[in-house]
Amino acid sequence: LAAGAANDITLDEAASDYGTVVITSGNNVAITDTDDIDLGASTVSGTLGITANGAITDSGTITVANATTLAAGAGNNITLDQAASDYNTVVITSGNNVAITDTDDIDLGASTVSGTLGITANGAITDSGTITVTGTTTLAAGAANDITLDEAASDYGTVVITSGNN
């Protein structure tokens, strides 16, 4: 999909079924899929919203300038593990086991995870919304980077920090 950096892409028909979606350019992008969806190499100059009734995965580097909102359903996994991907704020409306990798800082917005949450960053990990995780949360920010999850209403099962500064 190529709409141009200033133009929006909205594919919100609930019965639509995409395999791999590649966004070469788009401002605010919203995509709804009836089951699993794979995100190929994508560049979004605004927001990215993915709603699926199945797994959300990636097969290419994703760059999003503003918020990314992901909804896979409480029983479906979200795996965005391309090391060069760059997100700003990530909001997880629903997901089972969620794993996200970011090339630098990442901010977690209001999120509900029914399984495990794994965040790997090469920068600070912060929060800007209430986060609820039923299972284990594993955080890796790198030895020189801070982890600050200070939303008082957040509720985590077990938290494991594999790397971080403060």
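For the numbers below, each heavy atom of this structure counts, side chains included, while hydrogens, waters and symmetry mates do not. What you see is a predicted model, and the numbers here were worked out from it, not measured in a lab.
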So, does [X] use its side chain to make a donor-acceptor pair with the main chain of [Y] at under 3.5 Å?
| X | Y | value |
| --- | --- | --- |
| Thr138 | Gly118 | no |
| Asp107 | Asn88 | no |
| Ser25 | Gly4 | yes |
| Ser154 | Ile131 | yes |
| Thr132 | Asp155 | no |
| Asp127 | Asp150 | yes |
| Asn53 | Asp35 | no |
| Asp36 | Ala55 | yes |
| Thr162 | Leu139 | yes |
| Asp146 | Asn166 | yes |

Hydrophobic cluster membership, with links at side-chain heavy-atom distances under 4.5 Å among I/L/V/M/F/W/Y: are [X] and [Y] in one?
| X | Y | answer |
| --- | --- | --- |
| Leu70 | Val113 | yes |
| Ile56 | Val21 | yes |
| Leu80 | Ile37 | yes |
| Leu108 | Val64 | yes |

How many angstroms lie between [atom1] in [X] and [atom2] in [Y], if you round to the nearest 0.5 Å?
| X | Y | atom1 | atom2 | result |
| --- | --- | --- | --- | --- |
| Gln82 | Thr57 | CD | OG1 | 9.5 Å |
| Ser42 | Leu1 | OG | CG | 8.0 Å |
| Ile31 | Ile23 | CD1 | CD1 | 4.0 Å |

Kindly determine whether Thr116 and Asn97 satisfy side-chain hydrogen bond (donor to acceptor under 3.5 Å, both in side chains), including the steps that lead there.
-> CA-CA 5 Å; Thr116 61; Asn97 296 321; 3.1 Å; yes
Closest non-hydrogen atoms of Ser114 and Thr134, given as atom of the first, atom of the second and distance, are O-CB, 3.3 Å
Considering all heavy atoms, the nearest Gly60-Ser85 contact | O-OG, 4.1 Å
Go through the steps to decide whether Val91 and Thr69 satisfy the test side-chain contact (heavy atoms from CB on, under 4.5 Å), and finish with yes or no.
-> CA-CA 5 Å; Val91 174; Thr69 303; 4.0 Å; yes
If we only count heavy atoms from C-beta on, is the [X] to [Y] side-chain gap below 4.5 Å?
| X | Y | result |
| --- | --- | --- |
| Ser59 | Thr20 | yes |
| Leu11 | Tyr18 | yes |
| Val29 | Leu48 | yes |

Thr103 side chain to Asp86 side chain, donor-acceptor N/O pair below 3.5 angstrom | no
Do we see a donor-acceptor contact under 3.5 Å between the side chains of Asn77 and Asn96?
-> yes
